[in-house]
There are 2 protein chains.
Amino acid sequence: MSSDKCPLMAASKLLSRKWGLVIIYYLLEGEKTFSELEKKINGISSKTLSETLEDLVEMGLAERIVEPGPPVRVRYRLTEMGRDLERVIVYMAEWACKWLLKEDECPRPKIREGSAQS
Amino acid sequence: MSSDKCPLMAASKLLSRKWGLVIIYYLLEGEKTFSELEKKINGISSKTLSETLEDLVEMGLAERIVEPGPPVRVRYRLTEMGRDLERVIVYMAEWACKWLLKEDECPRPKIREGSAQS
DNA sequence: CCGGATCCGTTATGATACTG
DNA sequence: CAGTATCATAACGGATCCGG
């Protein structure tokens, strides 16, 4: 049988979203609004950001929090499941620093410690 | 400023390939031929496998090794840069096991020991 | 302005068939 | 065995538009 249970294939919905891990990387810094993410993530279109956020919420990785206005504010926050990707993302970032970037382009991860945010 | 150097964005070519990390996951077990990968990775089309392998080689993550035949054999092997993704992939696999799979569907990683580590 | 939705063109992926 | 060719769908990017 070729049906090995490959855990990475179970995660393929996440992995196949081009900006999924990048968005989570920035959400690890803390909650962000739609337009904060849009400004941070240079190169993403609002359409793709919107769709990817929807998918992240649907996958249970992030929460969409609507603060009734006016003005209405929508914030996105990682769930525990999403925050649990921190190690993956930190190591991926280190890998990219090592192999893809110059030393001086390599930022210190800005992951928040003690992430109790309720 | 929006021009943060985000290491994950530098890796976006890899991350945006749906099957990239999955292929590397299996190549971490050792060299594989095209059809071995095709059998292992259920759900990938030969076209996408072919294109993704080309990209992995072009990105420097894997090598394409042609054994003159007949019959000609083509094997794919990770480079050091590719093997260095091991931590990322192992943690991603663990994450998927924890959140996406049932306990009994969660295989022990079959990564080969004795490879160069940093 | 904010948080998208809609339309449209381009690229990536999937299914199937076929080739050296 | 190791791919290519062809065609269809899905994801992505750019631009525009819209209700609050």
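Note that these values count all heavy atoms, side chains included, but never hydrogens, waters or copies made by symmetry. Every chain is numbered from 1, with letters handed out A, B, ... down the list of sequences.
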Within the structure, does a side-chain N or O atom of B:T33 lie under 4.0 Å from either OP1 or OP2 of D:dA2?
yes
OP1 or OP2 of D:dG14 under 4.0 Å from side-chain N/O of A:S45:
no
Could you state the atom-to-atom distance from CD1 of B:I44 to P of C:dA15 in whole Å?
11 Å
Residues two or more places apart in sequence or in another chain: which of them pass side-chain hydrogen bond (donor to acceptor under 3.5 Å, both in side chains) with A:W99?
B:D84
Below 3.5 Å is the cut-off: list the nitrogen or oxygen pairs between protein and nucleotides 4-8 of chain C, distance only.
residue	atom	partner	partner atom	Å
C:dG4	OP1	A:R64	NE	3.4
C:dG4	OP1	A:R64	NH2	2.4
C:dG4	OP2	A:Y76	OH	2.5
C:dA5	OP2	A:S50	OG	3.4

Suppose we screen for side-chain hydrogen bond (donor to acceptor under 3.5 Å, both in side chains). Which residues come up paired with A:E54, at least two apart in sequence or across chains?
none
Any side-chain N or O of A:W19 less than 4.0 Å from the OP1 or OP2 oxygen of D:dA11?
no
Separation of C:dC2 atom P from A:K32 atom NZ, nearest Å, is 15 Å
For the pair made of CD in B:E67 and C1' in D:dC1, what is the distance, rounded to whole Å?
13 Å
Listed partners of B:R73 passing side-chain hydrogen bond (donor to acceptor under 3.5 Å, both in side chains), at least two apart:
none
Provide, to the nearest angstrom, the distance between the CD atom belonging to A:E31 and the P atom belonging to C:dG3.
13 Å
Pairs involving residues 60-93 of chain B, ordered by first then second residue, that meet ring-ring contact (aromatic ring centres under 6.0 Å, His included) (sequence neighbours left out)
A:Y91-B:Y91
Check whether B:T33 reaches the backbone of B:V74 with its side chain - one donor and one acceptor, N or O, closer than 3.5 Å.
no
Measure CD1/B:I41 against P/C:dG14 and give the value in whole Å, please.
11 Å
Salt bridge flag under 4.0 Å for residues A:E51 and A:K47
yes
In whole angstroms, how far is the C1' atom of D:dG3 from the CZ atom of B:R75?
17 Å
Rounded to whole Å, how long is the line connecting atom CD1 of B:I23 with atom P of D:dG3?
12 Å
Provide, to the nearest angstrom, the distance between the CG atom belonging to A:N42 and the P atom belonging to D:dG14.
10 Å
Can you list every ring-ring contact (aromatic ring centres under 6.0 Å, His included) pair that touches residues 28-72 of chain A, not counting sequence neighbours?
none
